[in-house]
Amino acid sequence: MHELGITQNLLNLAVQYAEPAGARRITALHLVIGELSSVVDDSVRFYWEFLSQGTIAQGAALHFERIPATFECRDCGAVFPRNANFMCPACRSDRVQVKQGEEFYLKSIEVEE
């Protein structure tokens with residue numbers, strides 16, 4: 001459900017940048033979504049369909065780039081992909097922190113002038 005607000009903000013952001021640049025139409029948005037961000041592509045697409053109606057972004061394609069989660073061990077500094085127990089595979093420490101995978105941002109937009 002939180003995708004409704006997220007999608008509204010994406011639309012506002014895209015229009016905010018496209019209109020002053022003289023764009024007649026937004027044709028595509030490129031989004032980056034981390035594995036741990038809990039944003040669901042299909043929900044964003046669903047909300048995009050009706051929120052963008054009647055705007056310069058109506059019909060714009062949504063492209064999703066997924067970023068896998070990685071963790072960094074606070075004890076030995078090893079960087080590793082997500083695993084079942086969130087423990088460092090090098091030293092078995094559970095003192096780990098997320099290094100990437102929580103991202104969610106609008107990377108770029110494509111427009112017609």
State the [atom1]-[atom2] distance between [X] and [Y], to the nearest 0.5 angstrom.
X: Thr70; Y: Gln97; atom1: OG1; atom2: CD; answer: 10.0 Å
X: Ile109; Y: Thr27; atom1: CD1; atom2: OG1; answer: 8.5 Å
X: Met87; Y: Arg95; atom1: CE; atom2: CZ; answer: 12.5 Å
X: Asn9; Y: Leu106; atom1: CG; atom2: CG; answer: 11.0 Å
X: Leu11; Y: Gln53; atom1: CG; atom2: CD; answer: 11.0 Å
X: His2; Y: Ser38; atom1: NE2; atom2: OG; answer: 4.0 Å

If the condition is ring-ring contact (aromatic ring centres under 6.0 Å, His included), which residues does Phe86 pass it with, not counting sequence neighbours?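 Listed in chain order: Phe71.
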Would a hydrophobic clustering, with Ile, Leu, Val, Met, Phe, Trp and Tyr connected at side-chain separations under 4.5 Å, put [X] with [Y]?
X: Val96; Y: Leu36; answer: yes
X: Val44; Y: Val15; answer: yes
X: Trp48; Y: Tyr105; answer: no
X: Leu29; Y: Phe104; answer: yes
X: Phe64; Y: Leu10; answer: yes

So which atom in [X] and which in [Y] form the shortest heavy-atom distance, rounded to 0.1 Å?
X: Val40; Y: Arg66; answer: CA-NH2, 4.5 Å
X: Arg45; Y: Leu62; answer: NH1-O, 3.1 Å
X: Val111; Y: Ala18; answer: CG1-CB, 4.1 Å

Minimum side-chain heavy-atom gap [X]-[Y] below 4.5 Å:
X: Pro68; Y: Pro81; result: no
X: Ile33; Y: Asp41; result: yes
X: Ser93; Y: Cys76; result: no
X: Val98; Y: Glu72; result: no
X: Ser108; Y: His30; result: yes
X: Asn83; Y: Pro89; result: yes

Count the heavy atoms of every other residue, nucleotide or ligand shown that sit under 6.0 Å from OH of Tyr17, and state whether that count exceeds 12.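 Atom OH in Tyr17 is not crowded, with 12 or fewer foreign heavy atoms closer than 6.0 Å.
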Counting only heavy atoms from other residues, nucleotides and ligands, does the tally under 6.0 Å from CZ of Phe50 exceed 12?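 Enclosed.
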Answer yes or no: is there an ion pair linking Glu35 with Arg82, defined by an N-O contact shorter than 4.0 Å?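 Counted as a salt bridge, because a side-chain N and a carboxylate O are separated by less than 4.0 Å.
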Which residue in the set Glu110, Glu113, Glu112, Glu19 passes salt bridge (Lys or Arg N to Asp or Glu O under 4.0 Å) when paired with Arg25?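 The option that passes is Glu112.
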Between Glu103 (side chain) and Gly101 (backbone), is there a donor-acceptor pair under 3.5 Å?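 Yes, the answer is positive, given that a donor and an acceptor are paired below the 3.5 Å cut-off.
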Any donor-acceptor N/O pair, Gln58 side chain to Gly54 backbone, under 3.5 Å: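 Side chain of Gln58 to backbone of Gly54: a pair is present.
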Output, in order, the C-alpha distance, side-chain angles, deciding distance and verdict of side-chain contact (heavy atoms from CB on, under 4.5 Å) for Val39 and Glu3. CA-CA 7 Å; Val39 175; Glu3 283 88 354; 4.3 Å; yes
